[in-house]
Visitor: 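Once you've had a glance at the structure underneath, I'll fire off some questions.
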Amino acid sequence: MKDNIKTDAGITIAPVYTESVPMQELPGEFPYTRGVHASMYRDKLWTMRQYAGFSTAEASNERYHFLLQQGVMGLSVAFDLPTQIGYDSDHPMSEGEVGKVGVAIDSLEDMERLFKGIKLEEISTSMTINATGFILLALYIALAKKQGADLKKISGTIQNDILKEYAARGTFIYPPKPSMRLITDIFDYCSHEVPKWNTISISGYHIREAGANAVQELAFTLANGKAYLKAALDKGLDINVFARRLSFFFNAHNHLFEEVAKFRAARRMWAHITKDMGATDPKAQMMRFHTQTGGSTLTAQQPHNNIVRVTVQTLAATLGGTQSLHTNGYDEALSLPTEVAARIALRTQQIVGYESGIADTVDPLAGSYYVEALTNEVEARAWELIERIDVMGGAVSAIEQGFMQDEIARSAYRYQQEIENGEKVIVGVNKFAVKEDVTTEVFRIDDSIRQVQTERLQSLRSRRDNAAVAALLQRLENAAQTTENVMPIVVEAVEHYCTLGEIADTLRKVWGEHKGI
């Protein structure tokens, strides 16, 4: 840890609050308003991630090696839509979508290609995957075993937050009840087999992207978190064990101070929620979260302006005490990020981390009347929404009644109205616009990817032990009809090269598909 704080002008400030500069709540102490660690970035900077995945596993692997060479501390994997909703690349529903918004993963062979030359024991990997999160986790574990890794040491996160899919995003497969069962199966399995793995990343990010405001993002995310706690407790799991591995995923938008207040309020609220539900271990009460800069704030007009927006959002996330951060490329309103845009996005984090002075002290905005008052007000308004959800019977019931969806839709409509009437200024869009020919280089995906993946699937199915595959899929079907934890069977299935689509379809036979509200 740095011994003191010294500015560029040589001014030295005491590194902690003292009697002469009191602060009611200390960092690293309940309720963690000021941070989950006493020293925060003075000991270690946040994990700098870049979200990447496209085309084939080989193409994504090249980007991962590029990012690691640029100084990325952890990988964050994007998957294509067929992978997200449980279809192999050769399924008719996959046509036109293979490799487009993320990497196509059909089997353990694809996972081997995706992480070729990367030791899973030495990196932290975040995977943005929900309905099929249990399958991607099984594939990751199977690959780690093939690499000879100690499963007790591998670390990372699966998003695995299905409630926000029903409320905001839509990449669900199964109805809520069996989906919640899958999540608690993962909690239970990982607590024994991969104890350093974060078993869920409860996501406000997509709620915000769908049009929620900062208070709604916070309230709906924490309401979903309460539902996951209750489901795990109902299954008989120990909150002091499983809650230690829960993490959150928030959005960072352009209002610097409101976003900082949101992050500070989130920690405080979650500490009280977990304590009220029985958590006594401080690590089970701490909210750890990843942040991504706001994709919906990026504009296709004057795209280089997005570099400034991402910088403001980076400041909000780090001043707010995030544990890891992904910064968007300036060109993402036009296409997947180019290497140039990805490098600038990463350099934004590095400049803030190493040159700005933010890391010199904990919670730099603490004590500001505006920030403290705003933190309190954001918290109060979020509690009001959570209390309304509790009256409805909790998050699952509120989603089934369409409450969250309606609130998000109304907020999105109001925001768009404000842009169109000029009340909300978007630089380069409704003010300071210029006539321009967009010359920004864009990243395009070749439609031939589906044929490549189809040929690979045909080859795999001809080489594997299909009798063993059939037997494992039958075991999975039987387990899904009982209360048996399905995760050990899924891990064994992917080790025998069952495909993602085959596993997802087996459970579709038992549980059916959710049709939406």
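The structure presented is a predicted model; accordingly, all values stated were derived computationally and were not measured.
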Visitor: Checking Asp80 side chain against Gly99 main chain: does a donor-acceptor pair fall under 3.5 Å?
Guide: yes
Visitor: Rounded at 0.5 Å granularity, tell me how far CG in Leu75 sits from CE in Met127.
Guide: 11.0 Å
Visitor: Taking the side chain as every heavy atom from C-beta outward, state whether Ile129 and Ile135 have any pair of such atoms under 4.5 Å apart.
Guide: no
Visitor: Counting only heavy atoms not in Lys283, do more than 12 sit closer than 6.0 Å to its NZ atom?
Guide: no
Visitor: For a 4.5 angstrom cut-off between non-hydrogen side-chain atoms, does Lys262 reach His253?
Guide: no
Visitor: Within the distance-only criterion (no hydrogens, no angle test), does the side chain of Glu372 pair as donor or acceptor with the backbone N or O of Gly367 below 3.5 angstrom?
Guide: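 Yes, the answer is positive, given that a donor and an acceptor are paired below the 3.5 Å cut-off.
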Visitor: Are any non-hydrogen side-chain atoms of Trp197 and Leu137 less than 4.5 angstrom apart?
Guide: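 Sidechains of Leu137 and Trp197: in contact.
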Visitor: Which residue is it: Thr318, Val362, Ile358? I am looking for the one with a side-chain contact (heavy atoms from CB on, under 4.5 Å) to Met40.
Guide: Val362
Visitor: Of all heavy-atom pairs between Tyr205 and Thr293, which one has the smallest distance, and what is that distance?
Guide: OH-O, 3.2 Å
Visitor: With no hydrogens and no angle check, do the side chains of His326 and Asn328 hold a donor and an acceptor under 3.5 Å apart?
Guide: yes
Visitor: Contact between Arg268 and Glu25 at the side-chain level, heavy atoms closer than 4.5 Å - yes or no?
Guide: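 Side chain of Arg268 against side chain of Glu25, heavy atoms only: contact under 4.5 Å found.
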Visitor: Heavy atoms only: give me the nearest Thr199-Asn160 pair and the separation to one decimal.
Guide: O-ND2, 2.9 Å
Visitor: Using modelled atom types only, decide if a donor and an acceptor are shared between the side chain of Thr361 and the backbone of Pro364 within a distance under 3.5 Å.
Guide: no
Visitor: Between Glu58 and Lys116, is the salt bridge (Lys or Arg N to Asp or Glu O under 4.0 Å) condition met? List the steps.
Guide: CA-CA 8 Å; Glu58 290 95 337; Lys116 184 178 180 181; over 6 Å; no
Visitor: Rounded to the nearest 0.5 Å, what separation is found between the CG atom of Leu237 and the CG atom of Leu229?
Guide: 11.0 Å
Visitor: Can a donor-acceptor pair be found between the side chains of Gln349 and Thr314 at a distance below 3.5 Å?
Guide: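 No, Thr314 and Gln349 have no side-chain donor paired with an acceptor closer than 3.5 Å.
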Visitor: Grab the two heavy atoms, one from Ile162 and one from Ser179, that are nearest each other, plus how far apart they are.
Guide: CG2-CB, 3.9 Å
Visitor: If the threshold is 4.0 Å, N to carboxylate O, is there a salt bridge linking Arg381 and Glu377?
Guide: yes
Visitor: Side-chain contact, heavy-atom cut-off 4.5 Å: Tyr140 with Val194?
Guide: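 No, too far: nothing below the 4.5 Å cut-off.
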Visitor: Arg288 pairs by side-chain contact (heavy atoms from CB on, under 4.5 Å) with which of Asn198, Thr322, Thr157?
Guide: Asn198
Visitor: So Thr375 and Phe263, do their side chains get closer than 4.5 Å, heavy atoms only?
Guide: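 Phe263 vs Thr375: side chains apart.
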Visitor: Roughly how far, to the nearest 0.5 Å, is the CD atom of Glu387 from the CG atom of Leu385?
Guide: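 Going from the CG atom of Leu385 to the CD atom of Glu387 covers 9.5 Å.
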Visitor: For the residue pair Asp161 and Ser203, what are the closest heavy atoms and their distance?
Guide: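 Heavy atoms only, the tightest pair is OD2-N, 2.6 Å.
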Visitor: Would you say the side-chain atoms of Glu217 pair up with the backbone N or O of Ala212, donor to acceptor, closer than 3.5 Å?
Guide: no
Visitor: Do Thr132 side-chain atoms and Thr83 backbone N/O form a donor-acceptor pair below 3.5 Å?
Guide: yes
Visitor: Using atom types as modelled and distance alone, determine if a side-chain donor or acceptor of Asp185 lies under 3.5 Å from a backbone N or O of Met487.
Guide: no
Visitor: Side chain to side chain donor-acceptor pair (under 3.5 Å) between Arg169 and Thr171: does it pass, once the steps are laid out?
Guide: CA-CA 6 Å; Arg169 191 161 177 267; Thr171 61; 3.0 Å; yes
Visitor: Does this structure show an ion pair linking Lys235 with Asp188, if we count only N-O contacts that are shorter than 4.0 Å?
Guide: no
Visitor: Please check if atom OH in Tyr354 has more than 12 non-hydrogen atoms from other residues, nucleotides or ligands closer than 6.0 Å.
Guide: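 Not more than 12 within 6.0 Å, no.
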Visitor: For Phe250 and Phe248, take the angle between the two ring planes, folded into 0 to 90°, and tell me which bin it lands in: parallel under 30, tilted 30 to 60, perpendicular over 60.
Guide: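 Because their plane-to-plane angle is under 30°, the rings of Phe250 and Phe248 count as parallel.
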Visitor: Is any side-chain heavy atom of Leu346 closer than 4.5 Å to a side-chain heavy atom of Arg343?
Guide: no
Visitor: Measure up the Phe187 and Phe242 rings against each other and bin them: parallel (under 30°), tilted (30 to 60°), perpendicular (over 60°).
Guide: parallel
Visitor: When rounded to the nearest 0.5 angstrom, what is the spacing between CG in Leu336 and OG in Ser55?
Guide: 10.0 Å
Visitor: Asn213 side chain to Gln216 main-chain N or O, any donor-acceptor pair under 3.5 Å?
Guide: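 Yes, because the side chain of Asn213 sits within donor-acceptor range (under 3.5 Å) of the backbone of Gln216.
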Visitor: Working note: Asn305 + Thr299, criterion side chain to side chain donor-acceptor pair (under 3.5 Å); need CA distance, chi angles, decisive distance, verdict.
Guide: CA-CA 8 Å; Asn305 293 347; Thr299 64; 5.6 Å; no
Visitor: Looking at Arg34 and Glu29, is any side-chain nitrogen of the basic one under 4.0 Å from a carboxylate oxygen of the acidic one?
Guide: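 No, this pair does not count.
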Visitor: What closest approach, in Å, do Leu45 and Ala359 show between heavy atoms, and which atom pair accounts for it?
Guide: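 So the two residues come closest at CD2-CB, 3.6 Å.
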Visitor: Output yes when Glu259 and Arg208 qualify as a salt bridge under the 4.0 Å nitrogen-oxygen rule, no when they do not.
Guide: yes
Visitor: Are Leu319 and Leu256 packed together at the side-chain level, in the sense that at least one heavy-atom pair is separated by less than 4.5 angstrom?
Guide: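 Yes, side chains in contact.
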Visitor: Is it the case that the side chain of Arg42 and the backbone of Asp360 share a donor-acceptor pair, with hydrogens and angles ignored and the cut-off at 3.5 Å?
Guide: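 Answer holds: yes.
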Visitor: Nearest 0.5 angstrom please: Ser324 OG to Gln292 CD, how far?
Guide: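 Result: 10.5 Å between the selected atoms.
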Visitor: Which atoms form the tightest heavy-atom contact between Ala341 and Asp331, and what is the distance?
Guide: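 Closest approach of Ala341 to Asp331, heavy atoms only: CB-OD1, 3.3 Å.
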Visitor: Roughly how far apart are Phe79 CZ and Asn130 CG, rounded to 0.5 Å?
Guide: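 It comes to 10.5 Å.
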